[in-house]
Amino acid sequence: MEEKMPELPEVETVRRGLSALITDKKITKVTLIYPKIIQGDTQTFVKEMTGRTFKEIDRRGKYLLFRLSDGLTMVSHLRMEGKYSVKENNEPLDKHTHVVFDLVDGMQLRYNDVRKFGRMQIVKTGTEVQLSSLQKLGPEPTPETFLIDDFYQELQKKKKVIKTALLDQTIVAGLGNIYVDEVLWMTKIHPETKCFDITYQQAKEMHDNIILELNRAIKAHGTTIFTFSGVNAQIGSFQNELNVYGKKGEPCPRCQTPLEKIVVGQRGTHFCPNCQQLAK
DNA sequence: AATGATGTTAGAGA
DNA sequence: CTCTCTAACATCAT
């Protein structure tokens, strides 16, 4: 079973796993095999990264923030299929390795991305919050930062449907196609419900479920092993914990009605036509 | 063989 | 500003 990568829980898992492998490692060389992965001037990127040391890794939404020595930060987004791995420098490169960071100890941090959608750029630490991509992010989905009253107010203002709204990262950061479907199923809300039609009570339940589900996923991934080769899912990983995503035609775990798949905002959307009805 | 779908988001246009 | 649609790309299923 191949591991699906990049919603908040997966990015968080990569952050934790990678931290243990590269913290305090100095970069001796940077190789750009497919330079379009880099945003901004590529030569500047190589020049600035080379000779720096990886410090802690932070995360904001689905963005990884690699802190480096001398007040620099590499901002990295995995998009659809980006993956990091740490391997010995004599191991042959994968077909889809696009960026290689040689480390002092003969290891390499490698960035793989079949679809080449992922992006990375270097900025001065602290200025990353000014990037348009990070600036527009809503709160992190934690009880301290994601506040129910704000959430409800935001929903009241929006004219689009809830599935699309949750995906756009501005109301709350970190949800992707899988967990949005899961959260809406948990909350018994139809994905095409207009945001302004959602009641305070529903918003409250959805808010709690968002925090719950993402934490549950992070915890489940905690049993995942981050090896030198990348993230290895343990047998029976989170795939088994999903209730609706990728389960078209299977019985709803709550009411046994066959699950359906529709398109909402150009994204495949899984839901239970019985549990999640459109109020009209 | 051709078409459509795949975890995301920036950017264009309405 | 808000919202919708498309492009970026490779692979796999139909």
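Naming convention: chains lettered A, B, ... in sequence-line order (proteins, then strands); numbering from 1 in each chain.
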>> Tell me the interatomic distance from A:Lys136, atom NZ, to B:dT8, atom C1', rounded to whole angstroms.
In response: 10 Å
> What nucleotide among B:dA10, C:dC9, C:dC3 has an atom nearest to a side-chain atom of A:Lys159?
Replying inline: C:dC3
> Which of these nucleotides, B:dA10, C:dC3, C:dT11, is closest to any side-chain atom of A:Ser133?
Replying inline: B:dA10
> Any chance NZ of A:Lys26 has more than 12 other-residue heavy atoms, nucleotides or ligands included, within less than 6.0 Å?
Replying inline: no
> Between C:dT11, B:dT9, C:dA10, which one does the side chain of A:Lys95 approach most closely?
Replying inline: C:dT11
> Rounded to whole angstroms, how far apart are CZ on A:Arg119 and P on B:dT9?
Replying inline: 13 Å
> Out of C:dA8, B:dT8, C:dA10, which has the shortest distance to the side chain of A:Lys36?
Replying inline: C:dA8
> The side chain of A:Gln266 lies closest to which of these nucleotides: B:dT9, B:dT8, C:dT6?
Replying inline: C:dT6
>> Could you tell me the Watson-Crick or G-U partner of C:dC9, where both distances fall under 3.5 Å? Say none if there is no partner.
In response: none
> Just how far, in rounded Å, is P of B:dA10 from NE2 of A:His77?
Replying inline: 7 Å
> Over how many whole Å does the gap from A:Glu154 atom CD to C:dC1 atom P extend?
Replying inline: 14 Å
> If the P atom of C:dT11 is compared with that of B:dT9, how far apart are they to the nearest Å?
Replying inline: 22 Å
> Between atom CD in A:Glu81 and atom P in B:dT9, what is the gap in whole Å?
Replying inline: 14 Å
>> Could you report the tightest heavy-atom contact between A:Gly249 and A:Pro258, atom names first, then the distance?
In response: O-CB, 4.0 Å
>> Which nucleotide wins on minimum distance to the side chain of A:Lys261, given the candidates B:dA5, C:dA10, B:dT9?
In response: B:dA5
> Stepwise, does the side chain to side chain donor-acceptor pair (under 3.5 Å) test hold for A:His221 with A:Glu10?
Replying inline: CA-CA 7 Å; A:His221 289 320; A:Glu10 293 73 32; 2.9 Å; yes
>> What is the distance, to the nearest angstrom, from the CG atom on A:Asp113 to the P atom on C:dA10?
In response: 10 Å
> For A:Lys116 and C:dA7, what is the distance between atoms NZ and C1' respectively, to the nearest whole Å?
Replying inline: 15 Å
>> When you compare the side chain of A:Phe271 with that of A:Val244, does any pair of heavy atoms fall below 4.5 Å?
In response: no
>> Assuming nearest nucleotide by heavy-atom distance, tell me which of A:Gly268 and A:Leu134 is located more 5' along DNA chain B.
In response: A:Gly268
> Just checking A:Ser132: base, sugar-phosphate only, or nothing, at a heavy-atom cut-off of under 4.0 Å?
Replying inline: nothing
>> Measuring to OP1 and OP2 of C:dC9, would you say a side-chain N or O of A:His96 lies under 4.0 angstrom away?
In response: no
> Which nucleotide, C:dT11, B:dT8, C:dC3, lies nearest any side-chain atom of A:Val114?
Replying inline: C:dT11
> Please walk me through it: do A:Ser76 and A:Tyr84 pass side chain to side chain donor-acceptor pair (under 3.5 Å)?
Replying inline: CA-CA 11 Å; A:Ser76 168; A:Tyr84 281 103; 2.7 Å; yes
> Among C:dT4, B:dA10, C:dA10, which nucleotide sits nearest the side chain of A:Lys160?
Replying inline: C:dT4
> Counting side-chain heavy atoms from C-beta on, which of B:dT9, C:dT4, C:dA10 comes nearest to A:Arg267?
Replying inline: B:dT9
>> Which is more 5' along DNA chain C, the nucleotide nearest A:Tyr34 or the one nearest A:Asp168? Just name the residue.
In response: A:Asp168
>> Taking the nucleotide of DNA chain B with the nearest heavy atom to each, does A:Arg115 or A:Leu167 sit closer to the 5' end?
In response: A:Arg115
> What are the two closest non-hydrogen atoms of A:Val46 and A:Thr50, and how far apart are they?
Replying inline: O-OG1, 2.6 Å
> When you measure from the side chain of A:Tyr63, which nucleotide among B:dT6, B:dA10, B:dT8 comes out closest?
Replying inline: B:dA10
>> Whole angstroms only, please: what is the CD1-P distance between A:Ile171 and C:dC3?
In response: 9 Å
